[in-house]
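To keep things clear, I will list the structure first and then write my remarks on it.
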2 protein chains.
Amino acid sequence: MDQLLALKYFCKVAETGSFTSAAKSFSVPPSSISRRVSDLEASLGTNLLKRSTRVVKLSEIGEIYFSQVSDILLQLEQSNESVRLYQSTPMGQLKISSQVSFGEQVLFPLLEEFRTRYPEIILDISLSDALSSLSHDDVDVAIRGGYAPDERVHALRLMANDFVPVAAPSYLRASGTPEDGFQLRSHQGLFFRTPRGPSPWLYKQDDQWHDVSGHPAAISNNAQWLKELGLAGKGIMMTPKWFVDPFLKTGEFVELLNDSVLSVNQDPDFAIYLLYQKPRYLVPKVKVFVDFLVEKLMRNDPKVNMG
Amino acid sequence: MDQLLALKYFCKVAETGSFTSAAKSFSVPPSSISRRVSDLEASLGTNLLKRSTRVVKLSEIGEIYFSQVSDILLQLEQSNESVRLYQSTPMGQLKISSQVSFGEQVLFPLLEEFRTRYPEIILDISLSDALSSLSHDDVDVAIRGGYAPDERVHALRLMANDFVPVAAPSYLRASGTPEDGFQLRSHQGLFFRTPRGPSPWLYKQDDQWHDVSGHPAAISNNAQWLKELGLAGKGIMMTPKWFVDPFLKTGEFVELLNDSVLSVNQDPDFAIYLLYQKPRYLVPKVKVFVDFLVEKLMRNDPKVNMG
DNA sequence: TTTTAATTTTGCTTATTAGACAAAATTAGC
DNA sequence: GCTAATTTTGTCTAATAAGCAAAATTAAAA
């Protein structure tokens with residue numbers, strides 16, 4: 001027996017005092033109302049209603065039951081409604097995982113605007129360079145440099161992760177400024193270690209990739225330390241532009257070989273990706289965050305994503 | 001969709017963290033659980049659970065929904081339980097309607113014992129000689145002299161309503177004591193008016209009924225006034241024995257023609273009846289009251305009832 | 001990384017149950 | 001007693017939950 005349906009029918013009969021009018025408000029024949037209420041009474045072993053053809057009144061226990069049940073039905077409806085509200089309004093905790101450097105350099109400056117735009121969303125940011133799986137960790141969205149994973153997650157290409165060689169003016173004064181990709185080989189290099197080893201310097205000429213890595217002056221998975229070494233003039237660093245953007249503006253870093261095609265990776269799909277689970281029903285808080293980042297970051301790099 | 005079932009399934013999955021164990025506790029295949037929960041999610045447009053083959057976790061909104069719904073289910077179960085308790089325990093208001101004289105003379109003296117025996121029953125007694133229909137008035141049981149009605153009510157023959165002629169000793173001294181039914185015709189009579197007119201005096205001899213009504217000294221539908229007239233020696237009164245029982249004991253009334261078959265009615269089914277509705281599910285408070293009256297009143301008059 | 005095993009989901013059939021509609025039964029009011 | 005509004009019952013159809021087996025998924029072990 002569909003007990004909830006029976007309860008709804010019963011309450012409507014109790015409210016209207018009539019099976020017929022209850023039937024009308026549910027657009028079902030009166031016989032359906034009659035049977036469902038009878039079923040309910042049978043399941044409780046009680047007469048909830050005192051029927052007579054003209055007047056339907058509640059029995060003593062029916063009165064009590066009605067007052068309780070109508071409240072319960074109301075509560076349930078409110079719960080359902082709050083779920084629908086949650087589905088339609090961006091709210092709740094939004095857990096974001098990001099690479100440390102990207103988080104610090106790019107993400108944080110944007111978040112204050114996001115927070116004022118969606119005050120009902122509580123941000124929970126964790127920065128880590130460990131590649132966390134969305135399914136393992138309890139995050140709603142993750143931002144990672146690399147390739148689009150083939151998991152069942154949405155991978156939205158946020159922005160290019162183009163690496164450019166930079167160096168401090170002091171280094172260039174001491175060691176000279178490379179005029180050509182191949183000249184990089186004779187320079188000191190500050191190398192970032194990925195899980196697949198130190199990133200090489202790659203130079204593309206005539207559709208050919210060449211390894212033009214310099215002498216390693218330092219290797220680390222800590223971008224911050226490498227940046228400090230670079231600022232101190234210890235060598236040339238291949239770095240995403242966004243990572244050293246403020247220093248390029250102040251002149252503390254100088255971008256080298258602007259027109260050359262240099263990279264740390266041959267794959268054109270290498271970029272910053274925004275990853276999020278693809279549930280059957282997308283939660284608004286995730287959607288608005290995704291839209292927000294697209295709006296803020298994909299203006300200058302309008303390459304589209306890859307489903 | 002049986003939403004209540006879906007909610008129960010969902011809550012059990014949330015509690016156990018597994019579709020399989022939820023399925024076991026309901027003794028249904030896991031596929032049923034899966035489908036009901038999916039239906040529920042579809043109807044809400046939300047993912048309530050984050051599934052992975054090994055672990056089933058609640059989503060943010062699922063967490064909220066679960067805490068609310070599990071409380072709602074608990075409330076509903078408690079309401080159902082209270083109905084079952086009501087069905088198994090005598091409790092609640094018991095509305096009793098009785099004839100005035102019977103109520104005062106017979107019923108009231110018994111009720112104190114009933115009240116102590118069933119303290120959870122709140123008695124609501126209304127005395128009236130108007131014949132009220134059970135369906136019209138809001139009474140659980142009615143006590144009426146007369147015949148078993150052919151309505152759809154239980155009519156339990158509580159006790160005989162045998163009428164006996166009584167008179168005060170002062171009257172008998174003044175007018176003589178009748179020795180024979182037919183002698184009543186020459187006496188003064190105190191007649192009770194029923195809705196069908198004044199009750200005649202009937203005398204049965206050789207399977208023949210004879211009207212032996214005396215001269216009406218007074219007619220009233222108020223038994224109390226007639227009794228006072230009788231006590232004052234104004235005439236002979238045909239009355240139910242229970243109505244004058246205390247006066248017979250003190251000698252203020254004398255019963256006449258003990259061995260004769262006298263009545264106010266030819267119908268042997270004329271008696272005091274306990275009437276109560278016959279619902280599909282009999283409420284305990286009514287049952288125990290019926291049993292109580294049978295126990296107290298049918299000891300001396302063990303005629304059985306008539307369904 | 002590959003394999004294994006526990007678990008969830010899907011496909012399809014059967015059984016149950018709610019709905020639809022007509023007819024019968026009931027009863028308040030004329 | 002009759003009428004009209006209402007509830008209940010009978011019977012068929014449609015919707016839906018259960019049951020079972022097979023496929024898909026994935027965390028943990030090898």
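By convention in this document, chain letters (A, B, ...) are assigned in the order of the sequence lines, proteins followed by strands, and residues within each chain are numbered from 1. Computed over heavy atoms, backbone and side chain alike; hydrogens, waters and symmetry mates excluded.
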Separation of D/dT6 atom P from A/Phe19 atom CZ, nearest Å, is 13 Å

To the nearest angstrom, the CG-P distance between B/Leu5 and C/dT17 comes to 12 Å

Rounded to whole Å, CG of A/Leu4 lies from C1' of C/dT17 at a distance of 16 Å

From CG of A/Leu40 across to C1' of C/dT17 the rounded distance in Å is 16 Å

Does the distance from a Lys or Arg side-chain N to an Asp or Glu carboxylate O, for A/Asp291 and A/Lys287, drop under 4.0 Å?
yes

For B/Phe292, the ring-ring contact (aromatic ring centres under 6.0 Å, His included) test, sequence neighbours excluded, returns B/Phe114

Separation of C/dA18 atom P from B/Met1 atom CE, nearest Å, is 14 Å

Axis-to-axis angle across the helix from C/dT1-D/dA30 to C/dC30-D/dG1, five pairs each end, nearest 10 degrees, ~ 40°

Residues in residues 28-36 of chain B with a heavy atom under 4.0 Å of DNA chain D, by number, are B/Val28, B/Pro29, B/Ser31, B/Ser32, B/Arg35, B/Arg36

B/Asp140 and B/Leu94 have their tightest heavy-atom pair at OD2-CA, 3.5 Å

A/Lys8 NZ to C/dA18 C1', in whole Å, measures 14 Å

Would you be so kind as to tabulate the donor-acceptor pairs closer than 3.5 Å made by side chains of residues 1-11 of chain A, with sequence neighbours excluded?
from, atom 1, to, atom 2, distance (Å)
A/Asp2, OD1, A/Leu4, N, 3.4
A/Asp2, OD1, A/Leu5, N, 3.2

Between CG of A/Asp39 and P of C/dT17 the distance, given in whole Å, is 9 Å

Sequence neighbours excluded, the answer for side chain to side chain contact (heavy atoms under 4.5 Å, CB included) partners of B/Gln87 is A/Thr46, B/Tyr281, B/Val283, B/Pro284

Taken in chain and number order and not counting sequence neighbours, the residues that satisfy side chain to side chain contact (heavy atoms under 4.5 Å, CB included) with B/Glu77 are B/Asn80, B/Glu81, B/Arg84

The ring-ring contact (aromatic ring centres under 6.0 Å, His included) partners of B/Tyr86 (sequence neighbours excluded) come to none

Open item on the list: Applying a 4.0 Å non-hydrogen cut-off, can you work out what B/Tyr9 is touching in the nucleic acid: base, sugar-phosphate, or nothing?
Closed with: sugar-phosphate

So side chain to side chain donor-acceptor pair (under 3.5 Å) across residues 14-25 of chain A, not counting sequence neighbours, yields A/Thr16-A/Ser21, A/Ser18-A/Ser21

The salt bridge (Lys or Arg N to Asp or Glu O under 4.0 Å) partners of B/Glu63 (sequence neighbours excluded) come to none

Rounded to whole Å, NZ of B/Lys50 lies from P of D/dT26 at a distance of 15 Å

